[in-house]
Peer 1: 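Take this structure first; my questions come after.
This structure is a prediction, so every number in the text was calculated from the model and none was measured.
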Amino acid sequence: MKTIMRYILAAVFGVAGVAHFTRTEGFTNIVPHYLPFKNFIVKASGVAELIISFLLLIKWPGNFLKNVINSFLMLVLPANVYMARKALPLGNIEVPKPLLWARVPLQFVLVKMVSKL
C-alpha cells in the first residue's frame, strides 16, 4: 500500500510540476498579491515539484526527504488559502468556492500521506 501511495504522490507532484510550466498564468494568479517575483515563484515551485516527483519515483523517501516534501506543502498552503478567499479561477476554469476551500485541508491529507511513507 505504501508503494502505491508513493507512486500516487509522485504522479500528483509530477502533474502539478508540469502544469506550473504549461499553465503559468493560472498559477501566477494564485500567488498572493503581497509577494514579489510571482513568475519566479511559480517556476521555482514547479521545479521543486518535479524534483520531488522524480525522487519519489526512484527511491523510498527517508525522514529528510519527507520533511522537505511536507515543508514544501506548507509553503504553498498560503496560495491555496489566498485562492479560496479571493475565489480565483484555476487558470481559466471557474471553480466553486467550496471546492477551492476543499483544497486547503487536502494539503494536510498530502502531509499525512507523505508522513506514512
Side-chain angles (χ1 to χ4, degrees):
M1 186 62 165
K2 287 183 178 184
T3 301
I4 293 169
M5 249 187 350
R6 188 173 122 222
Y7 289 127
I8 288 171
L9 286 166
V12 167
F13 280 107
V15 168
V18 168
H20 278 72
F21 293 94
T22 60
R23 301 182 183 273
T24 304
E25 185 179 333
F27 283 95
T28 303
N29 289 339
I30 68 169
V31 175
H33 70 279
Y34 50 82
L35 293 176
F37 313 113
K38 292 181 180 202
N39 198 43
F40 173 78
I41 290 170
V42 169
K43 300 246 168 104
S45 59
V47 168
E49 287 177 324
L50 290 171
I51 290 169
I52 289 168
S53 175
F54 178 72
L55 290 173
L56 286 171
L57 284 173
I58 65 167
K59 65 182 260 179
W60 202 264
N63 286 332
F64 178 76
L65 181 55
K66 289 180 196 180
N67 288 334
V68 168
I69 296 169
N70 285 338
S71 296
F72 175 81
L73 288 168
M74 290 299 99
L75 281 172
V76 298
L77 180 62
N80 291 340
V81 172
Y82 182 76
M83 184 179 186
R85 282 185 53 239
K86 301 288 187 180
L88 299 172
L90 188 59
N92 58 357
I93 302 168
E94 293 292 330
V95 181
K97 200 164 186 170
L99 289 180
L100 291 174
W101 278 109
R103 290 183 67 203
V104 175
L106 178 62
Q107 293 294 107
F108 298 99
V109 171
L110 292 172
V111 166
K112 189 69 170 177
M113 285 176 71
V114 169
S115 298
K116 290 198 175 271
L117 291 178

Peer 1: Are Val18 and Ile41 joined in one hydrophobic group, where the rule is that I, L, V, M, F, W and Y side chains link up if heavy atoms are under 4.5 Å apart?
Peer 2: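 No: no chain of side-chain contacts under 4.5 Å links Val18 to Ile41.
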Peer 1: State which residues pass side-chain contact (heavy atoms from CB on, under 4.5 Å) with Leu88; sequence neighbours excluded, sorted by chain then number.
Peer 2: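 Applying side-chain contact (heavy atoms from CB on, under 4.5 Å) to Leu88 gives Ile30, Tyr82, Met83, Lys86.
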Peer 1: Is the count of non-hydrogen atoms from other residues, nucleotides or ligands lying under 6.0 Å from Lys97 atom NZ greater than 12?
Peer 2: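 Buried by this count: over 12 neighbours within 6.0 Å.
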Peer 1: Is it true that Ile51 and Phe21 fall in one hydrophobic cluster, defined by side-chain heavy atoms closer than 4.5 Å?
Peer 2: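 Yes.
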Peer 1: I need the Thr3 OG1 to Ile8 CD1 distance, nearest 0.5 Å.
Peer 2: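 Those atoms lie 11.0 Å apart.
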Peer 1: Do Leu117 and Met74 belong to the same hydrophobic cluster, where Ile, Leu, Val, Met, Phe, Trp and Tyr are linked whenever their side-chain heavy atoms lie under 4.5 Å apart, directly or via other members?
Peer 2: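 Yes, same cluster.
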Peer 1: Please find the pair of heavy atoms, one from Val31 and one from Lys38, that lie closest to each other, and give the distance.
Peer 2: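 Minimum heavy-atom separation between Val31 and Lys38: O-NZ, 3.3 Å.
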Peer 1: Tell me, please, which residues at least two apart from Phe72 pass ring pair (Phe, Tyr, Trp, His ring centres under 6.0 Å).
Peer 2: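 Phe72: no ring pair (Phe, Tyr, Trp, His ring centres under 6.0 Å) contacts found.
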Peer 1: I need the Thr28 OG1 to His20 NE2 distance, nearest 0.5 Å.
Peer 2: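 Between atom OG1 of Thr28 and atom NE2 of His20 there are 9.0 Å.
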Peer 1: Lys66 vs Asn63, test: side chain to side chain contact (heavy atoms under 4.5 Å, CB included). Steps then yes/no.
Peer 2: CA-CA 5 Å; Lys66 289 180 196 180; Asn63 286 332; 4.3 Å; yes
Peer 1: Taking atom CG of Leu99 and atom CD of Glu94, what is their separation to the nearest 0.5 Å?
Peer 2: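 So the gap between those two atoms works out to 12.5 Å.
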Peer 1: Holding to ring pair (Phe, Tyr, Trp, His ring centres under 6.0 Å), I want the full list of residues that pass it with Phe13, two or more places apart in sequence or in another chain.
Peer 2: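 Once residues adjacent in sequence are excluded, Phe13 has no partner under the ring pair (Phe, Tyr, Trp, His ring centres under 6.0 Å) criterion.
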Peer 1: Which heavy atom of Ala16 sits nearest a heavy atom of Phe27, and at what distance?
Peer 2: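 For Ala16 and Phe27, the tightest heavy-atom pair comes out as O-CZ, 4.4 Å.
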Peer 1: From Leu56 CG over to Met5 CE, what is the distance, rounded to the nearest 0.5 angstrom?
Peer 2: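 Answer rounded to 0.5 Å: 11.0 Å.
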Peer 1: Give a yes or no on whether Trp60 and Phe54 share a hydrophobic cluster (residues Ile, Leu, Val, Met, Phe, Trp, Tyr; joining criterion: side-chain heavy atoms under 4.5 Å apart).
Peer 2: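 Per the 4.5 Å side-chain linkage, Trp60 and Phe54 are not co-clustered.
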Peer 1: Ignoring hydrogens, what is the shortest heavy-atom contact between Glu49 and Gly17? Give both atom names and the distance.
Peer 2: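 In terms of heavy atoms, the two residues are closest at OE1-N, 3.4 Å.
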Peer 1: As an exercise, state the distance from OH of Tyr7 to OG of Ser53, rounded to the nearest 0.5 Å.
Peer 2: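 It is 11.5 Å, given to the nearest 0.5 Å.
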Peer 1: Test of understanding: clusters of I, L, V, M, F, W, Y form through side-chain heavy atoms closer than 4.5 Å, transitively. Do Phe108 and Val76 belong to the same one?
Peer 2: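 Both belong to a single hydrophobic cluster.
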Peer 1: Drop me the distance from Thr24's OG1 to Asn29's CG, to the nearest 0.5 angstrom.
Peer 2: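 So the OG1 of Thr24 and the CG of Asn29 are separated by 11.0 Å.
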Peer 1: Compare all side-chain heavy atoms of Val111 with those of Ser115 and state whether any distance is below 4.5 angstrom.
Peer 2: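 They are in contact (side-chain heavy atoms under 4.5 Å apart), so the answer is yes.
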Peer 1: For the residue pair Pro32 and Ala79, what are the closest heavy atoms and their distance?
Peer 2: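 Closest heavy-atom pair between Pro32 and Ala79: CD-CA, 4.3 Å.
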